[in-house]
Amino acid sequence: MKAALVAADGALLHQARRATGRDHGPDAVVENILGFAAELRALGAERFGEPAAAAGVAVPGIVDEERGIAAYAANLGWRDVPLRDLLTERLGGIPVALGHDVRTGGLAEGRIGAGKGADRFFFVPLGTGIAGAIGIDGRVEAGAHGFAGEIGHIVVRPGGTPCPCGQNGCLERFASASAVSQAWAEACGDPQADAADCAKAVESGDARARAVWQEAVDALADGLVTALTLLDPRTLIIGGGLAEAGETLFAPLREAVRRRVTFQKLPAVVPAALGDTAGCLGAGLLAWDLLNTSTTARR
Ligand SMILES: [Zn+2]
C-alpha cells in the first residue's frame with residue numbers, strides 16, 4: 001500500500017508505504033488500511049497542526065464508487081467491502097472517497113500529469129494487464145456498474161489466445177508488459193527475459209525482438225483505434241511498465257495508430273508522467289474534490 005498526505009495544490013507533504021498483509025486474509029487487509037489511514041491522519045495533525053479534512057482511497061478490482069463499496073478484488077479476497085463507511089467511521093467522520101486504482105491514477109494523470117489541461121483523455125497503463133481510464137471534463141467515467149474503460153478485454157485477435165476473463169484474443173494477452181515478457185522469453189529462449197529486455201534487444205536491432213515488439217504494437221494500435229473511435233479523446237496517455245521503453249514504444253505506436261485511422265481525429269499519444277505516485281495523487285484529488293465541489297464543476 002502507498003499512502004500520502006496531499007496538499008490542496010497536489011503537493012505530496014508526506015509519503016509512506018506498508019504491506020497489505022493479505023496473507024492474513026481479507027479482513028486483515030481492511031483493518032490495515034483503516035489503521036494506516038488513522039496513523040496518517042494523526043501524523044498530519046502533529047506535523048501540520050491540523051488533521052486531513054478528507055480522505056481518498058483507491059483499490060483494485062471492481063469498485064462501486066457511488067456507494068463507496070469495494071465490490072470485488074480477487075487478489076485481496078474481497079466481496080462487497082463497505083470501505084468508505086468503515087473509513088469515515090475510523091477517521092472521525094470526515095468525508096471519504098473510494099476510487100478504482102486505474103481510474104484514480106488516470107484522474108491524476110489527466111488533471112495534473114501527462115494530460116494536464118486536456119478536457120477529454122484516455123489513460124491506458126500497460127502492466128501485468130491492461131486497463132483504462134476515460135477522462136471527461138476533470139472526472140473519470142466509471143460506467144453504470146464500475147466496468148468502464150476495460151480496454152484490455154477488447155478482443156483484437158478473434159479466436160486468439162484465451163484470456164482468464166473468458167474471451168479469446170483480448171488485447172492484454174498481446175500488449176501488456178506480461179504478454180510481451182512471455183513472448184520474448186519464448187522467442188529468445190531465456191525464461192528470465194522480460195519486456196524491458198525485449199525493448200533493449202529492439203534497440204540493438206535484434207530481428208526476433210523486433211517481430212515480438214511489432215506484434216504487441218499492432219495489437220495495441222488495434223485496441224486503441226477502437227477506443228479513440230468511440231471516445232474521441234484529445235490526449236491518449238500510455239503508462240505502465242511497457243511505456244518505460246519510451247520512444248522505442250511511442251514512435252512505432254504513433255505510426256501504427258496513424259496508419260489505422262481514416263476519419264477519426266488523431267489524439268496526442270504521450271507517456272504517463274506521474275509513475276507510481278499517480279494512484280496516491282489521484283486519491284488526494286478525490287479527497288479534495290469532496291471539499292471543493294465548485295472547483296470540480298468548473299473543470
Ligand atoms: Zn480478457
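FYI, side chains are in, hydrogens and waters are out, and symmetry mates aren't considered; it's all heavy atoms of this structure. Nothing fancy with the numbering, it's 1 onward along the sequence. Whatever order the structure lists them in is the order used to number ligands and atoms, beginning at 1. The model shown is predicted, which means the values in this text are computed figures rather than measured ones.
- A salt bridge links Arg139 with Glu141: at least one charged nitrogen is closer than 4.0 Å to a carboxylate oxygen.
- Of the charged side-chain nitrogens involved, at least one lies within less than 4.0 Å of a carboxylate oxygen, so that Arg260 and Asp222 count as a salt-bridged pair.
- Contact between His153 and Cys165 at its shortest, heavy atoms only, is ND1-SG, 3.4 Å.
- Of all protein N, O or S atoms, those under 2.8 Å from the Zn ion (ligand 1) number 4.
- Using a 4.0 Å cut-off between charged nitrogen and carboxylate oxygen, Arg208 and Glu186 do not count as a salt-bridge pair.
- Atom CZ of residue Phe123 and atom CG of residue Leu236 lie 11.0 Å apart, to the nearest 0.5 angstrom.
- To the nearest 0.5 Å, atoms CD1 (Ile154) and CG (Leu224) are separated by 9.0 Å.
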